Protein chains: 2
Amino acid sequence: MADEDPAAKATLAATSWAILAILSPERELSGYDVKKVTEWSIRYFYWSPQFSQIYAELKKLEKLGLVTSRMDHDNGARNRRLYKITAAGLEAVTRWANDTPAEPPMLKHSVLLRVAFGNLAGPEKLKDLLQEHVEFAEDMLRQATHDAQVAETVDAWAYSRLALQWASRYYASERELALQMMKDLDEAEEAFGRSGGPGSAPAPRYWDEIGEKVNVEGKQA
Amino acid sequence: MADEDPAAKATLAATSWAILAILSPERELSGYDVKKVTEWSIRYFYWSPQFSQIYAELKKLEKLGLVTSRMDHDNGARNRRLYKITAAGLEAVTRWANDTPAEPPMLKHSVLLRVAFGNLAGPEKLKDLLQEHVEFAEDMLRQATHDAQVAETVDAWAYSRLALQWASRYYASERELALQMMKDLDEAEEAFGRSGGPGSAPAPRYWDEIGEKVNVEGKQA
DNA sequence: GTGCTCATGTAAGGCGTTACATGATTAT
DNA sequence: ATAATCATGTAACGCCTTACATGAGCAC
């Protein structure tokens with residue numbers, strides 16, 4: 001409990017802000033609780049950090065004076081450390097929410113990566129992967145829809161509900177896009193027949209032309 | 001030239017595989033070239049690593065015997081190091097493509113994170129962020145569509161084309177989802193009027209109920 | 001009493017970024 | 001001549017994960 005360095009407020013990573021935001025209703029939470037909250041909602045659109053990271057982040061936030069902590073013995077109870085946001089923390093996280101531009105979303109879609117390098121595996125393998133992805137999307141869709149319904153029961157969760165509804169639609173779309181890709185693969189297979197289309201040829205030498213074709217034309221940042 | 005450790009093949013990270021896959025058409029590429037390829041297609045669905053990381057990855061791949069390199073003087077030319085995949089590398093990346101299950105896609109959507117913590121900022125601020133996101137999605141949509149058209153001109157890019165078409169649809173959907181969210185926010189505002197709905201209340205104490213409401217019901221992994 | 005979940009961490013290391021440095025070529 | 005781009009890196013650091021360790025309560 002000490003630093004209060006105002007410069008640090010600006011340089012926290014999004015994960016730290018997320019944890020601080022979870023603590024922003026002025027309620028005491030343990031690291032375990034924080035993890036549960038991320039699992040409940042945030043994981044659908046912003047992954048979910050590991051326990052070890054959450055504990056480390058909480059310590060960091062405490063050193064910055066944005067949260068305080070105390071040990072809990074009353075409760076049951078195993079030993080657990082409870083964290084609570086400070087006035088400085090509340091002010092910092094509010095400034096973050098109001099004054100910081102959002103970073104561009106970042107996506108690492110392994111399935112699409114496989115598709116892009118489909119010549120290494122062939123369309124059948126890709127369709128297997130896509131089928132699995134469809135099931136994954138359906139699973140997430142179901143869970144997000146359920147959690148969104150839970151969020152309807154409490155007024156204070158209104159924004160979480162909106163985010164979870166977005167997630168429902170997102171995973172529904174993810175499902176459709178995968179199904180569409182499977183169709184596209186079928187069509188491509190038919191078009192190429194068993195001649196040297198996608199999947200059979202070693203697909204050599206394409207970068208020659210990339211420079212000329214790509215660089216000039218599009219791309220206004 | 002050296003290690004050839006077969007165990008290592010299984011434990012490379014997706015980024016390494018992506019770079020190796022880029023080199024899989026047996027063509028000599030510099031680190032700079034690799035970066036350009038990622039910028040051309042992969043960035044739409046799997047971000048784009050920094051130069052420094054690409055150079056580091058290439059060195060690592062070389063130490064593993066999956067690529068070889070030589071200096072290029074002929075070409076123009078500044079000094080540049082050209083990398084080429086080895087037989088071992090080709091075999092390893094093919095095995096990766098065929099035998100490794102795809103990891104679940106990972107998304108870090110800062111805009112949705114803001115929505116989920118909307119009580120810290122209010123609906124007007126959120127709508128600004130969403131409007132910016134709409135423009136971002138439109139920009140990506142335009143670029144992906146352009147690059148997909150470029151990919152149509154070369155047979156060997158068939159899979160890249162499919163991936164880029166997917167990206168077009170993805171960013172179109174991203175746009176729609178953001179617009180829908182803006183509508184939802186408007187409706188929520190109207191419903192709550194200027195009474196203590198989203199945006200005004202400090203939204204206290206919600207985690208009490210999370211344990212009871214959430215844990216039991218849904219969630220089959 | 002055995003195993004499961006709750007709960008809190010430490011240690012090691014890989015992934016990935018930012019910042020910096022350098023020099024050569026190309027464009028103006 | 002000057003600036004911009006091409007091209008290749010190094011250094012430092014922060015983010016994040018995996019693996020491991022520990023102990024306490026609870027279910028059977």
Side-chain angles (χ1 to χ4, degrees), chain A residues 8 10-19 28-39 42-43 46-64 69-83 103-104 106-108 110 211 215-216 219 221, chain B residues 8 10-19 28-39 42-43 46-64 69-83 103-104 106 108 110 210-211 215-216 219 221:
Chain A
T11 54
L12 285 181
T15 303
S16 307
W17 290 123
I19 291 176
E28 287 188 304
L29 293 182
S30 70
Y32 212 85
D33 295 334
V34 170
K35 171 73 169 170
K36 268 196 288 195
V37 174
T38 67
E39 290 284 322
I42 293 176
R43 68 176 172 118
Y46 203 86
W47 109 117
S48 200
Q50 302 300 311
F51 279 112
S52 54
Q53 193 188 353
I54 289 174
Y55 290 120
E57 293 285 350
L58 286 170
K59 269 189 188 166
K60 190 170 78 179
L61 292 174
E62 184 167 28
K63 220 160 73 178
L64 291 170
S69 77
R70 66 176 182 88
M71 288 306 288
D72 175 34
H73 309 289
D74 320 332
N75 190 358
R78 316 151 180 100
N79 275 0
R80 46 191 231 135
R81 181 170 293 275
L82 296 178
Y83 290 87
E103 304 144 48
M106 119 139 197
L107 177 65
K108 281 193 177 187
S110 298
N215 277 339
V216 197
K219 317 266 161 148
Chain B
T11 54
L12 286 181
T15 303
S16 308
W17 290 122
I19 290 176
E28 287 187 306
L29 292 183
S30 68
Y32 212 84
D33 296 334
V34 171
K35 171 73 170 171
K36 268 196 289 196
V37 174
T38 66
E39 290 284 323
I42 293 176
R43 70 177 171 117
Y46 203 84
W47 110 116
S48 201
Q50 301 300 310
F51 279 111
S52 54
Q53 192 187 355
I54 288 174
Y55 290 120
E57 293 285 351
L58 286 169
K59 269 189 188 167
K60 190 170 78 178
L61 292 174
E62 185 168 26
K63 220 159 74 178
L64 292 170
S69 77
R70 66 177 181 88
M71 290 305 290
D72 175 33
H73 308 290
D74 322 331
N75 189 359
R78 318 151 179 101
N79 276 0
R80 45 192 230 132
R81 184 170 290 275
L82 295 178
Y83 290 87
E103 305 144 47
M106 118 140 197
K108 281 191 177 187
S110 298
I210 271 195
N215 277 338
V216 197
K219 317 267 162 142

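These numbers were taken from a predicted model, which means no experiment stands behind them. Proteins come first, then strands; the chains are lettered A, B, ... in the order of their sequence lines, and each starts at number 1.
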### Message
Using C1' atoms of five pairs at each end, report the bend of the helix from dG1(C)-dC28(D) to dT28(C)-dA1(D) rounded to 10 degrees.
### Response
30°
### Task
Round to the nearest Å and state the distance from Glu28(A) atom CD to dA7(C) atom P.
15 Å
### Message
Distance check needed: dT17(D) P versus Gln50(A) CD, whole Å only.
### Response
5 Å
## Note on the structure
Lys59(A) NZ to dG9(C) C1', in whole Å, measures 7 Å
### Query
Can you tell me how far P of dT8(C) sits from CD of Glu62(A), to the nearest Å?
13 Å
### Query
When rounded to the nearest 0.5 angstrom, what distance separates CG in Leu107(A) from OH in Tyr46(B)?
9.5 Å
### Query
How close or far is atom P of dT17(D) from atom CZ of Phe51(A), stated in whole angstroms?
13 Å
### Rounded distance (nearest 0.5 Å) linking atom CD1 of Ile42(A) with atom CD1 of Ile19(A)
8.5 Å
### Query
Side chains of Val37(B) and Asp33(B): does their closest heavy-atom pair fall under 4.5 Å?
no
### Trp17(A) side-chain N/O to Leu12(A) backbone N/O, donor-acceptor pair under 3.5 Å
yes
### Query
Can you tell me how far the OH atom of Tyr83(B) sits from the NZ atom of Lys59(B), to the nearest 0.5 Å?
7.0 Å
### Message
Between Glu103(A) and Lys108(B), does any NZ, NE, NH1 or NH2 come within less than 4.0 Å of an OD or OE carboxylate oxygen?
### Response
no
Pairs under 3.5 angstrom, nitrogen or oxygen only, protein versus nucleotides 11-15 of chain D, please.
| from | atom 1 | to | atom 2 | distance (Å) |
| --- | --- | --- | --- | --- |
| dC15(D) | OP2 | Lys60(A) | NZ | 3.4 |

### Query
Contact class for Lys35(A) (heavy atom, under 4.0 Å): base, sugar-phosphate, or nothing?
nothing
### Query
Side-chain N or O of Trp47(B) less than 4.0 angstrom from OP1 or OP2 on dG16(C)?
no
### Query
Rounding to a whole Å, what distance do you find between Trp17(B):CH2 and dG14(C):P?
17 Å
### Query
Which one, dT8(C), dT8(D), dT18(D), comes nearest to the side chain of Arg80(A)?
dT8(C)
### Query
Starting at CD1 of Ile54(A) and ending at C1' of dA7(C), how long is that distance when rounded to a whole Å?
13 Å
### Query
Is there a side-chain polar atom (N or O) of Tyr55(B) under 4.0 Å from OP1 or OP2 of dT8(D)?
yes
### Message
One thing to verify: whether Glu39(B) and Lys36(B) come together as a salt bridge, which I'm taking to mean a side-chain N less than 4.0 angstrom from a carboxylate O.
### Response
no
### Query
In whole Å, what is the span from the CE atom of Met106(A) to the C1' atom of dC16(D)?
11 Å
#### Entry: Evaluation steps, side chain to side chain contact (heavy atoms under 4.5 Å, CB included), between Arg43(A) and Thr38(A)
CA-CA 6 Å; Arg43(A) 68 176 172 118; Thr38(A) 67; 5.9 Å; no
### Query
Less than 4.5 Å apart, any side-chain heavy atom of Val34(A) and any of Glu57(A)?
no
### Query
On DNA chain D, nearest-nucleotide positions of Pro49(A) versus Ser30(B): which is more 5'?
Ser30(B)
